[in-house]
Student: 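This is the structure I want to talk about, given as structure tokens.
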Amino acid sequence: MMGKLKNTGLIGLGVVAGVAVSLQFSAMAQKTVEPPLPLEELRQLADVFGLIKSDYVEPVEDKKLLEDAISGMVASLDPHSAYLDKKAYAELREGSEGKFVGLGIEIGMSEDGYIRIVSPIEDSPAYRAGIKAGDLITRLDGQPVKGVSLDDSVKRMRGEPGTKVSLTIARKDEPQPLAFTITREEIHQKSVKAKMVEPGYAWLRVSQFQEPTVDDMAAQITALYKQDPNIKGMVLDLRNDPGGVLQGAIGVSAAFLPKDAAIVSTNGQLPDSKQVFYGRAEYYTFRAEGDALAKLPAAIKKVPLVVLVNTGSASASEIVAGALQDYQRATIIGTPTFGKGSVQTIRQLTADTAVKLTTARYYTPNGRSIQAKGIVPDLLVDENADGDGLNGLRIREADLTKHLSNDRDQGSANDGAKAAPVNDEMEEQLRLIALEKTRKPLEFGSRDDFQLHQALNHLKGLPVQLAKAEPVVVQADVKKEQKK
């Protein structure tokens, strides 16, 4: 049976900022009383270590063996726990701060094995060089990318600021390949964008929850109300938002909810994991520079609100959607979310290494666990007028090996999404891929954004075109999308 297509947005930020993580950073925490070490198992580990050192076909460094042992031990727990070596730890910190060194492009694998440009990041080196959405990278520094994993291609595109990389691009309607030489820069990625999509109606998009997200969102909301002090309705777009820092989710929720409202609770082994997080500045600010939400227009608490979600909405974005849904503050529109209801805490080991460890499950204000279930929208609306496109090919948390169970819901982990019969999987997959090849890449917030238009219809009291059928989970090839 084929593997499932990994969610493009979710997996896409793995290199930059962790995979759909509600991150908390802390020093290594120890319990007061540690149980005795399992001496017999430790002897076995030492024996295997010795056998590899003495008998393996070629020498292996001690450091590599020990780091691999740590990595395997942590990775065996669940899909989101991981050992972070120097490079991975630096990349995670960069991503949570909203910056990284690269070309400034969002990419994914094409059906033909090339690298597809989803979109260039505005004002990035790739954007200024003329790279366009839909372009295919066929060569990197003269070397073919076909047959090379996306992770390896990512490593080749990253590097030190000021260094260069050459891209060979195949572009639709261009008879010959295009050559670009681009200089790497530190990319400062804005996680929030906003605009008035129609007179009286605003669109606010959060693409990832980073440290600057709450400040950026407050600035965007203030600008929207300066443009139109009488906004009639707002769409908060969390589609393909893979999560990020927990504080960002709390702050975004707090902007729309009553003062001091409970946003999310967590439960785990450590006392610090048993908490309730409220919509107060102490829970969503990183620096003692005041409350970014304090000066928001009062109207933001009452403005009619729609939240757009899809299978790519995970973790921190599910916290926001769940809180706003529980308080009946917003109507949730779209397709069922990913279902990652766990918190990862970064425990620093050395100056440049750490462990990303799942330390708690989180729960909505009404006590719902999102883990392996997700947020089911109030109104199910497909990505397109004729169906949900490739969203039906994406996996969810419940499909991941060793995922945590939902400890508060005995219902189906895939509520809102039913499995397609095995005999129909290949036919449905090929049909959807063929259909998507005829579409131009969807730009969220554009005139062609079907789900956004349905959200606006709801805000105006007009009919909404609901999904024609229940979401179908289809087996598909594993693909992923990342930001470089």
Side-chain angles (χ1 to χ4, degrees), residues 7 9-14 16-25 79-80 92-93 95-98 189-192 204-218 236-257 261-266 268 273 275-279 283-286 292-293 307-326 330 332 334 336-346 356 358-365 368-375 396-397 404 483:
N7 176 296
L10 177 77
I11 303 302
L13 293 168
V16 176
V19 179
V21 181
S22 293
L23 290 176
Q24 301 184 85
F25 291 86
H80 307 295
L92 183 141
R93 292 307 298 257
S96 68
E97 293 167 1
Q189 182 188 4
K190 291 290 186 181
S191 64
V192 183
L204 178 70
R205 172 156 176 77
V206 181
S207 60
Q208 183 189 351
F209 291 91
Q210 303 167 337
E211 290 182 16
T213 293
V214 177
D215 290 342
D216 291 346
M217 179 197 65
L236 174 61
D237 191 347
L238 301 179
R239 290 172 295 176
N240 284 359
D241 182 330
V245 293
L246 180 60
Q247 291 93 327
I250 296 170
V252 170
S253 302
F256 299 98
L257 292 173
I263 306 297
V264 64
S265 62
T266 61
S273 296
Q275 294 191 58
V276 179
F277 297 86
Y278 297 91
Y283 291 103
Y284 56 76
T285 57
F286 286 90
L293 305 184
V307 177
L308 285 177
V309 296
N310 65 2
T311 314
S313 307
S315 195
S317 55
E318 293 174 291
I319 291 176
V320 176
L324 295 175
Q325 188 178 53
D326 277 7
I332 314 299
T337 60
F338 184 77
K340 183 187 168 296
S342 62
V343 177
Q344 280 64 50
T345 301
I346 306 304
K356 174 161 64 75
T358 299
T359 54
R361 290 179 174 90
Y362 65 71
Y363 308 89
T364 71
R368 292 185 294 154
S369 172
I370 299 168
Q371 175 60 25
K373 179 180 177 69
I375 297 294
R396 301 172 73 215
E397 173 78 10
L404 294 178
K483 283 187 180 169

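Side chains are part of it too, since the values below use all heavy atoms of this structure and drop only hydrogens, waters and symmetry mates. Position 1 is the first residue of the sequence; numbering continues from there.
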Student: From K190 NZ over to Q210 CD, what is the distance, rounded to the nearest 0.5 angstrom?
Tutor: 9.5 Å
Student: Would L92 and I346 count as a side chain to side chain contact (heavy atoms under 4.5 Å, CB included) if you check the C-alpha gap in whole Å, the side-chain angles of each, and the deciding distance to 0.1 Å?
Tutor: CA-CA 10 Å; L92 183 141; I346 306 304; 4.2 Å; yes
Student: Minimum heavy-atom separation for T213 to S191, with atom names?
Tutor: OG1-OG, 2.8 Å
Student: Test: salt bridge (Lys or Arg N to Asp or Glu O under 4.0 Å). Region: residues 312-322. Which pairs qualify, not counting sequence neighbours?
Tutor: none
Student: Which residues pass the side-chain hydrogen bond (donor to acceptor under 3.5 Å, both in side chains) test with D326, not counting sequence neighbours?
Tutor: T364, R368
Student: So which atom in L238 and which in S313 form the shortest heavy-atom distance, rounded to 0.1 Å?
Tutor: O-OG, 2.8 Å
Student: Roughly how far, to the nearest 0.5 Å, is the OG atom of S315 from the CD atom of Q371?
Tutor: 9.5 Å
Student: Between E397 and K340 (side chain of the first, backbone of the second, donor and acceptor by atom type, cut-off under 3.5 Å), is there such a pair?
Tutor: no
Student: Locate the shortest heavy-atom distance separating A314 from F338; write the atom from each residue and the value.
Tutor: CB-CB, 3.6 Å
Student: Please walk me through it: do T285 and Q247 pass side chain to side chain contact (heavy atoms under 4.5 Å, CB included)?
Tutor: CA-CA 7 Å; T285 57; Q247 291 93 327; over 6 Å; no
Student: Rounded to the nearest 0.5 Å, what's the gap from CD1 on I250 to CG on L257? Could you check?
Tutor: 12.0 Å
Student: Closest heavy-atom contact between A262 and P365?
Tutor: O-CG, 3.4 Å
Student: If you define the side chain from C-beta out and look only at heavy atoms, does anything of S317 sit under 4.5 Å from F209?
Tutor: yes
Student: Would you check if Y362 and L246 make a side-chain contact, meaning some heavy-atom pair closer than 4.5 Å?
Tutor: no
Student: Hey, mind stepping through V320 and L236 against side chain to side chain contact (heavy atoms under 4.5 Å, CB included) and telling me if it holds?
Tutor: CA-CA 10 Å; V320 176; L236 174 61; 4.0 Å; yes
Student: Over all heavy atoms of both residues, which pair between S342 and H80 is shortest? Give the atoms and the distance, please.
Tutor: OG-CD2, 4.1 Å
Student: Looking only at non-hydrogen atoms, find the nearest pair between A316 and G244 and report the distance.
Tutor: CB-N, 3.9 Å
Student: Please tell me if the side chains of D237 and V206 come closer than 4.5 Å, counting only heavy atoms from C-beta onward.
Tutor: no
Student: Working to the nearest 0.5 Å, report the span between CD1 of I332 and CG of L308.
Tutor: 9.0 Å
Student: Between the side chain of T337 and the main-chain N/O of I375, is any donor-acceptor distance below 3.5 Å?
Tutor: yes
Student: Can you name the side-chain hydrogen bond (donor to acceptor under 3.5 Å, both in side chains) partners of S253, sequence neighbours left out?
Tutor: none
Student: Calculate, to the nearest 0.5 Å, the distance between atoms OH and OG belonging to Y278 and S265 respectively.
Tutor: 9.0 Å
Student: Looking at S369 and Y363, would you say the former's side chain and the latter's main chain have a donor-acceptor pair under 3.5 Å?
Tutor: no
Student: Taking the side chain from Q208 and the backbone from G243, do they hold a donor-acceptor pair closer than 3.5 Å?
Tutor: no
Student: With a 4.5 Å limit on heavy-atom distance, are the side chains of L404 and R361 in contact?
Tutor: yes
Student: With heavy-atom distances below 4.5 Å as the criterion, would you say the side chains of T359 and T266 are in contact?
Tutor: no
Student: Answer whether the closest heavy-atom distance between the side chains of N240 and N310 falls below 4.5 Å.
Tutor: yes
Student: To the nearest 0.5 angstrom, please state how far the CD atom of Q275 sits from the OH atom of Y283.
Tutor: 7.0 Å
